[in-house]
Amino acid sequence: MSSTQLIVLALFATVIFGIYNIVPVKHRSVVLLLASYGAVFAISKFLICFLLITTLTVWVSAYYINRFNSYFEIKKVSLNKDAKKSLKAEYNKKKKAIMLTCLFVNLLILLSLKYINFFGGMINKASVIMGNDSILPVFKVVLPLGISYYTLQAIGYLVDVYRGKYKAVSLYKVALFIGFFPQLLEGPIGTYDELGESLSEGHVFDKNNVLYGLELALWGFIKKIVIADRINIIVAPVFSNYQEYSGIIILGAVILFTFQLYAEFSGIIEMVTGISRMYGIKLAKNFDQPFFAKTVSEFWRRWHISLGTWFKNYVFYPISTSNWFSKLNKRIRGKVGKLLELFVPLFVSLLPVWLLTGLWHGASWKYVVYGLYYFVVMMIGVLIKPIENKLFKISDDNMPKWFRIFAIIRTFILVNIGMLIFRAENVTGFFAMFGKIFTSGSLNIITTANVEGIIDIKDFVLLIAGIVILIILDAVKENKVNCGDIGTIIVKKNIYLQIALCVFMALVLIVFGAYGNGYLPVDPIYGGF
Amino acid sequence: MDELIKILEDLKPGIDFKNDTRLISDGKLTSLDIMQLLMEIRDTFDVVISPLDIIPENFESVIKIYTLIEKLQNDD
């Protein structure tokens with residue numbers, strides 16, 4: 001999906017917004033569901049059937065799981081402790097069977113569509129190594145819109161019902177929760193208790209929501225089309241032909257890519273959040289000034305928050321609270337050194353999280369390395385923290401300013417290495433580019449002469465100005481000065497000022513947007529996942 | 001309660017656990033700390049905290065954590 005298609009989708013959302021407000025309040029959510037399925041069908045055609053399969057299987061499974069939860073609640077009243085325990089165990093077994101079957105079906109769909117060539121390629125490589133020909137063909141697979149996002153959201157709903165966090169809801173509500181079209185672009189991945197009911201309720205027109213949403217959406221568009229797409233003018237050629245560039249240019253391109261991804265991903269999320277807010281629907285927060293993080297773990301609590309929260313709730317905590325995990329820890333306690341006592345549980349619980357996080361981003365070895373890189377960095381971080389605290393006599397409650405700045409810079413460097421893995425063509429490309437940063441002309445300074453070879457100087461100045469504005473806004477939010485999104489930073493009381501600002505942002509978008517002749521169309525990076 | 005404070009102080013030295021009521025909001029207890037804390041609670045109080053109970057509100061302060069432990073002990 002290119003920026004132009006993104007604009008078409010935003011216009012579509014605006015038209016639907018008009019219809020939404022004409023229809024009687026109690027029927028408004030129907031408009032959202034029809035619009036969602038319309039958008040998915042327009043983009044993914046018959047692949048919409050996968051969204052429907054996920055919706056149906058998750059709804060049916062949650063419904064039956066919920067029945068067992070209700071039976072237990074009714075029957076337990078008349079039972080003694082032991083009978084209660086045995087009934088619970090019996091029902092849990094049945095509930096687990098239903099949940100696992102549903103998970104199997106939905107993960108099979110995701111794996112077959114997204115990872116078939118990755119696993120097929122591994123089988124073929126093994127076959128070639130053993131002296132045979134490739135066994136499997138390479139499939140040309142097109143992914144349904146938002147499959148990586150809606151599958152996780154659907155699984156989250158199912159597991160929450162299984163855990164008894166909330167009750168199963170109607171097919172209509174499940175369909176709306178899983179298929180709400182703005183979220184299918186790049187998330188955020190929501191939970192039913194925070195989002196579901198809000199989607200199926202009709203919302204009345206609210207001037208404040210509309211203005212706030214519009215400001216946020218326009219700012220998101222500016223981040224994507226004015227800043228991120230302009231940065232791409234430098235990033236794309238350097239990454240595709242890195243052999244031709246010096247180390248300092250590669251280093252510059254890596255740092256710029258970090259800002260490109262941030263401007264683009266957070267921009268699209270703000271666009272989606274803004275559009276949803278116009279309807280009166282609040283989406284989960286996905287970014288929280290990530291470049292002010294003092295550790296890599298903290299970075300991931302501030303970057304793509306909804307994905308991190310999903311993995312924490314549905315992978316990390318289930319492992320950390322499982323019986324086998326507890327038995328493993330009991331077995332090693334007191335028998336190995338303190339360091340190993342800490343290392344083993346961390347290794348066991350974090351490795352699956354980061355392998356899956358890597359693979360979620362894409363079906364290639366590069367993403368496996370990406371996940372493993374963060375896993376290793378986090379493990380080292382946790383293990384050296386006590387030493388660091390002792391050495392510098394610091395704690396979370398007592399951290400001098402110089403150490404905070406040092407920690408922020410260190411984290412930024414580590415994140416940029418992660419970004420290089422993420423953006424490089426493949427693992428070999430990553431190592432080649434990483435090596436070149438230190439060996440090929442990295443002591444040269446960036447001059448207008450060598451920048452002009454890649455980008456028009458006016459575009460360069462604009463993109464630097466864009467990045468500076470991004471950093472300043474994040475610094476303002478980080479320091480809690482008039483905190484909030486761009487919508488809340490603007491004076492809220494004066495409606496004329498807000499309208500003027502919306503017009504100004506629309507003009508900035510039209511005049512400075514990196515589209516048309518001389519600009520490469522840029523597909524949303526996270527949209528491909 | 002004192003046992004719990006001792007566990008927390010061993011886990012994260014230098015934090016005023018007795019008075020801090022924003023352990024999660026201020027990022028002083030992370031998911032990795034919670035993981036280690038769960039192991040200690042399981043060993044010391046013989047209580048299993050399920051993922052359903054691992055929500056920020058239950059871990060914001062020592063009192064909140066202790067209330068959760070007591071609730072789970074009574075549930076058993």
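Letters A, B, ... mirror the listed sequences (proteins, then strands); counts begin at 1. Because only heavy atoms are used, hydrogens play no part in the values below, and waters and symmetry mates are left out as well, while side chains stay in. Every value quoted in this text rests on a predicted model; they were computed, and no experiment measured them.
Shown here for B:Arg42 and A:Ser322, the closest heavy-atom pair between the two residues is NH1-O, 3.7 Å. In this structure, A:Arg301 and B:Gly27 approach most closely via the heavy-atom pair NH2-O, 4.3 Å. Across all non-hydrogen atoms, the minimal contact from B:Ser31 to A:Phe316 is O-CE2, 3.4 Å. Taking every heavy atom of both residues into account, A:Thr321 and B:Val48 meet most closely at O-CG1, 4.3 Å.
Heavy-atom distances place both the backbone and the side chain of A:Asn323 under 4.5 Å from chain B. Interface residue A:Phe325: only side-chain heavy atoms are found under 4.5 Å from chain B. If you measure heavy-atom distances from B:Ile55 to chain A, you find no contacts under 4.5 Å at all. A:Leu350 touches chain B through its side chain: at least one heavy atom from C-beta onward sits under 4.5 Å away, while N, CA, C and O do not. Only the side chain of A:Leu342 comes within contact range of chain B, judged by heavy atoms closer than 4.5 Å.
Pairs engaging residues 29-39 of chain B under the salt bridge (Lys or Arg N to Asp or Glu O under 4.0 Å) rule: B:Lys12-B:Asp33 [sequence neighbours left out].
Atom NZ of A:Lys330 is separated from atom CG of B:Asp43 by 5.5 Å, given to the nearest 0.5 angstrom. Taken from CD1 in B:Ile54 to OG in A:Ser320, the straight-line distance is 7.0 Å, to the nearest 0.5 Å.
Interface summary for chain A: among B:Ile15, B:Asp26, B:Ile49, the most heavy-atom pairs under 4.5 angstrom belong to B:Ile15. For the set B:Gln36, B:Met35, B:Lys28, the count of heavy-atom pairs under 4.5 angstrom toward chain A peaks at B:Met35.
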### Task
Carefully, step by step, assess B:Leu52 and A:Asp160 under the rule side-chain contact (heavy atoms from CB on, under 4.5 Å).
CA-CA 8 Å; B:Leu52 196 60; A:Asp160 283 350; 5.7 Å; no
